[in-house]
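Residue numbers count from 1 along this sequence. Side chains included, hydrogens not; waters and symmetry mates left out as well; all remaining heavy atoms used.
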Amino acid sequence: MIQGQIAEMAVAIEASRGLVYQAAQLMDNELPRSRIASIAKFHTSQTAKFCTDTAQQIYCGYGLSREYRIAKNKVYAELMFTGECTANVQKILIAEDALGYKMADRHQGKTGLRSMARAS
């Protein structure tokens with residue numbers, strides 16, 4: 001069943017990668033991207049936590065040892081839930097958009113910073 005767990009991790013990672021690429025493409029084209037960026041942030045944080053938890057299960061007691069990178073990666077994955085733009089904040093943004101309370105892409109991202117950089 002370890003192969004099954006590895007397959008699940010690979011699928012989750014590829015899905016996260018696709019979401020991040022989609023958000024980056026929208027950003028490069030200066031299109032609205034707040035919604036997809038929130039989805040990507042939420043999904044990638046969930047994926048990081050899932051993959052580190054699964055890796056610790058696969059490695060059993062060794063997953064807790066500092067000799068292996070799993071313990072360090074687990075700490076970093078946990079930071080995604082306590083640091084800036086936590087998963088709960090992303091959930092609120094996604095839910096408000098899905099329910100129609102607030103449109104996530106209401107800001108076009110036109111801060112003028114890119115246009116100033118191009119002018120100079």
Side-chain angles (χ1 to χ4, degrees):
M1 288 313 301
I2 291 175
Q3 287 179 338
Q5 291 173 312
I6 291 171
E8 289 173 2
M9 289 190 290
V11 168
I13 290 168
E14 285 302 316
S16 292
R17 184 174 288 138
L19 288 167
V20 170
Y21 287 164
Q22 185 178 359
Q25 184 179 25
L26 290 172
M27 182 176 255
D28 286 344
N29 294 326
E30 297 183 2
L31 296 172
R33 65 225 171 238
S34 298
R35 180 179 169 275
I36 194 68
S38 290
I39 292 171
K41 287 177 193 177
F42 175 72
H43 193 272
T44 53
S45 65
Q46 295 290 322
T47 298
K49 184 166 175 29
F50 167 71
C51 289
T52 54
D53 287 343
T54 304
Q56 267 190 333
Q57 291 172 11
I58 290 171
Y59 275 77
C60 299
Y62 291 115
L64 301 172
S65 173
R66 291 188 180 185
E67 295 175 28
Y68 295 93
R69 293 178 60 194
I70 296 168
K72 186 177 184 180
N73 291 342
K74 174 89 171 170
V75 172
Y76 289 141
E78 291 294 329
L79 282 174
M80 292 184 187
F81 289 88
T82 57
E84 184 181 346
C85 294
T86 63
N88 289 334
V89 172
Q90 300 310 317
K91 278 194 226 181
I92 292 169
L93 295 172
I94 295 165
E96 286 178 345
D97 183 72
L99 294 170
Y101 295 151
K102 284 186 183 175
M103 197 172 105
D105 288 328
R106 64 189 177 275
H107 305 292
Q108 297 296 320
K110 302 284 185 185
T111 61
L113 296 177
R114 286 187 178 207
S115 57
M116 288 184 346
R118 287 183 187 151
S120 56

Quiz item: Any side-chain heavy-atom pair from Leu93 and Ser34 closer than 4.5 angstrom?
Solution: no
Exercise. Rounded to the nearest 0.5 Å, what's the gap from CD1 on Ile6 to SG on Cys51? Could you check?
Key: 10.5 Å
Quiz item: Does CD belonging to Glu96 count more than 12 external heavy atoms closer than 6.0 Å?
Solution: yes
Quiz item: For the atom pair NZ (Lys41) and NZ (Lys91), what is the distance rounded to the nearest 0.5 Å?
Solution: 16.0 Å
Quiz prompt | For Ala71 against Ser65, the heavy-atom pair lying closest together | solution = CB-O, 3.8 Å
Practice problem: For Val20, check side-chain contact (heavy atoms from CB on, under 4.5 Å) against everything at least two apart and list the hits. | Solution: Ala40, Thr44
Practice problem: Please list, chain by chain and in numerical order, all residues satisfying side-chain contact (heavy atoms from CB on, under 4.5 Å) with Ala48, sequence neighbours excluded. | Solution: Ala77, Met80
Practice problem: Look at the side-chain heavy atoms of Ile, Leu, Val, Met, Phe, Trp and Tyr, link any pair under 4.5 Å apart, and say whether Ile36 and Ile92 land in one connected group. | Solution: no
Quiz prompt | Contacts of Gln5 that satisfy side-chain contact (heavy atoms from CB on, under 4.5 Å) - sequence neighbours left out | solution = Ile2, Thr54, Gln57, Ile58
Quiz item: Got a sec, which residues hit side-chain hydrogen bond (donor to acceptor under 3.5 Å, both in side chains) with Thr47, two or more places apart in sequence or on another chain?
Solution: Ser16, His43
Exercise. Apply side-chain hydrogen bond (donor to acceptor under 3.5 Å, both in side chains) to Arg17 and list each qualifying residue two or more places apart in sequence or on a separate chain.
Key: Glu14
Quiz item: Transitively linked via ILVMFWY side-chain contacts under 4.5 Å: Ile39 with Ile13?
Solution: no
Quiz item: Is Met1 isolated, or which residues cluster with it under the ILVMFWY side-chain rule of less than 4.5 Å, directly or via members?
Solution: none
Quiz item: Quick one: do Tyr21 and Phe42 end up in the same hydrophobic cluster if we chain Ile, Leu, Val, Met, Phe, Trp and Tyr together by side-chain heavy atoms under 4.5 Å apart?
Solution: no
Quiz item: Got a donor-acceptor contact below 3.5 angstrom from the Arg35 side chain to the Arg33 backbone?
Solution: no
